[in-house]
Amino acid sequence: MTDDKFYKVRPLIQHLNQVNKPKYSQEFYSIDEVMIPYYGRHSSKQFIKGKPIRFGFKVWAACTADGFLLHAEPYCGSYTNISDTGLGQGPNVVMELVKRINLEAGQHVVFDNLFTSVPLLEKLGDQGIGATGTLREDRLSGAPVMAKKVMEKKTRGYMEEAFTGCISVVKWKDNKAVAVGSNKERKTPVNKTKRWCKTKKKHVEIDMPHSVKVYNQNMGGVDIFDQQVSAYRIRMRSKKWWWPIFAWSVNAQVINAWQLYRKLGNNISLLDFIRHFAIAIMKGFGTSRVTPGPKKFPAGLAKDTVRYNGKQHWTMKGDQPNSRCRQCS
């Protein structure tokens with residue numbers, strides 16, 4: 001027992017991160033948070049309003065763009081194993097996970113507005129790592145772009161761009177105004193996307209900045225992983241606080257194994273893979289039952305004509321204390 005609030009599962013988490021080192025190299029990676037459902041009592045339990053899982057343990061996760069988990073770090077307040085870079089909590093998480101998954105120059109990481117800041121994009125750019133993320137209104141670092149309330153009045157597809165050094169800040173009017181910062185992607189080339197028009201009652205094409213397109217295509221890696229974990233989550237319950245984390249780690253490894261198995265050319269659904277995996281575990285490590293099947297009760301002495309004649313009867317005691325009715329079994 002140590003000051004670490006996750007001391008009971010820390011060896012398991014370290015093993016999880018060790019075996020999940022990148023098995024294949026990709027260009028795009030995503031960083032986001034994952035919630036492990038837990039409704040008991042623990043000092044590190046979190047409540048996040050508006051999330052599908054509101055109560056539970058929060059985990060910082062780094063995944064590939066297609067949903068392969070590379071690194072997981074549970075959040076436990078000031079005891080979280082995240083180094084302080086002086087940029088704030090969100091940027092600290094990104095810098096730590098980028099170091100843990102060994103990103104190299106030329107690779108690209110995507111994250112949402114919880115993590116993004118202009119100093120973070122500059123620091124990653126100094127390392128040669130591409131970064132793209134949505135920006136909150138109070139983190140624009142004075143970029144000379146239109147205010148959110150003013151841009152809300154513009155038509156869909158309107159966009160502005162501002163530069164500072166290697167950083168591009170693009171503000172785009174979709175259904176609402178959104179700001180995206182990047183140290184690699186720019187507004188151009190402008191892409192087209194379809195949106196539903198209420199007045200014309202049909203889909204129409206509007207302009208979309210290239211940085212927004214890159215963000216939309218690659219941000220969902222952690223969400224894909226989380227969705228696959230929740231599809232066939234282990235439902236066994238326990239009052240021990242560490243059990244949900246242990247069960248989640250098993251689910252996470254099954255999803256990663258399924259991802260690698262499919263990359264080897266095997267087209268198999270997640271449910272069938274879990275079935276084959278469970279059968280293989282039982283055959284390899286299971287033991288046969290000493291008394292197979294349920295206990296056999298003696299057959300009743302009465303004929304079916306008596307049992308189903310609709311005339312109810314009192315239960316007649318059998319030969320053994322726990323035996324069924326002598327008349328109708």
Side chains of Asp272 and Ser269, donor plus acceptor under 3.5 Å: yes
Centroid separation Trp243 to Phe246 less than 6.0 Å: yes
Asp138 atom CG, over 12 foreign heavy atoms within 6.0 Å: yes
Between CG on residue Asp32 and CG on residue Leu114, distance to nearest 0.5 Å: 7.5 Å
Flag side-chain contact, heavy atom, 4.5 Å: Tyr158 against Met151: yes
Contact check, side chains of Gln46 and Val59, non-hydrogen atoms, under 4.5 Å: no
Sidechain-backbone polar pair: Glu160 side chain, Pro144 backbone, donor-acceptor under 3.5 Å: no
Ring centers of Phe6, His42 separated by less than 6.0 Å: yes
Rounded distance (nearest 0.5 Å) linking atom CZ of Phe163 with atom OG of Ser168: 4.5 Å
From CA spacing to verdict: side chain to side chain contact (heavy atoms under 4.5 Å, CB included), Glu137, Lys171: CA-CA 10 Å; Glu137 198 69 14; Lys171 213 164 192 181; 2.7 Å; yes
Thr193 and Glu205, any side-chain heavy atoms less than 4.5 Å apart: no
Asp66 and Lys263 ion-paired at < 4.0 Å: yes
Side-chain donor or acceptor of Thr64 paired with backbone N/O of Tyr29 under 3.5 Å: no
Close side-chain approach of Glu27 and Gln107, heavy atoms under 4.5 Å: no
Heavy-atom check, side chain of Glu33 versus side chain of Ile48, under 4.5 Å: yes
Heavy-atom donor-acceptor pair, Asn218 side chain to Val214 backbone, under 3.5 Å: yes
Donor-acceptor pair between His210 and Thr188 side chains, under 3.5 angstrom: no
Closest non-hydrogen atom pair between Val98 and Ile129, with its separation: CG1-CD1, 3.6 Å
Side-chain donor/acceptor of Thr134 to backbone N/O of Val180, under 3.5 Å: no
Short side-chain donor-acceptor distance under 3.5 Å, Asn92 and Thr85: yes
Atom CD of Gln227: over 12 foreign heavy atoms under 6.0 Å: no
Donor-acceptor contact present, side-chain Asn266 to main-chain Arg262, <3.5 Å: no
Gln228 side chain reached by Asn251 side chain, heavy atoms, under 4.5 Å: no
Centroid-centroid distance, Tyr38 to Phe55, less than 6.0 Å: no
Nearest atoms (heavy-atom pairs only) where Ser83 meets Lys99: OG-NZ, 4.3 Å
Straight-line distance of Arg156 CZ to Met208 CE, nearest 0.5 Å: 11.5 Å
Donor-acceptor contact present, side-chain Trp248 to main-chain Pro37, <3.5 Å: no
For Ser211, the option from Lys184, Glu185, Lys187 that meets side chain to side chain contact (heavy atoms under 4.5 Å, CB included): Glu185
Residues Arg10 and Glu73 bridged, charged N to O under 4.0 Å: yes
Lys5 to Ser43 - nearest heavy-atom pair and separation: CD-OG, 3.5 Å
Atom pair CG/CG of Asn216 and Asn191 - distance to nearest 0.5 Å: 10.5 Å
Heavy-atom pair of closest approach, residues Phe225 and Ile255: CD1-CG2, 4.0 Å
Centroid-centroid distance, Trp60 to Phe115, less than 6.0 Å: yes
Main-chain N/O of Ala177 paired to Glu152 side chain as donor or acceptor, under 3.5 Å: yes
Check: Gly40 main-chain N/O paired with Lys45 side-chain donor or acceptor under 3.5 Å: yes
Atom CZ of Arg233 with >12 non-hydrogen neighbours under 6.0 angstrom: yes
Short side-chain to backbone donor-acceptor contact, Lys202 and Trp196, under 3.5 Å: no
Side-chain heavy-atom pair Thr80, Pro74 within 4.5 angstrom cut-off: no
Beyond-backbone contact of Tyr75 with Ile82, side-chain heavy atoms, under 4.5 angstrom: no
Whether Thr132 side chain and Ser182 backbone form a donor-acceptor pair below 3.5 Å: no
Inter-residue atom distance Leu121.CG - Ile167.CD1, 0.5 Å rounding: 5.0 Å
Co-membership, hydrophobic cluster, residues Phe47 and Trp241, 4.5 Å side-chain: no
Heavy-atom closest pair, residues Ile13 and Ala72: CG2-O, 3.7 Å
Spacing of Cys63 atom SG and Ile31 atom CD1 [to the nearest 0.5 Å]: 9.5 Å
Nearest non-hydrogen partners of Val110 and Phe28, listed with the distance: CG2-CD2, 4.4 Å
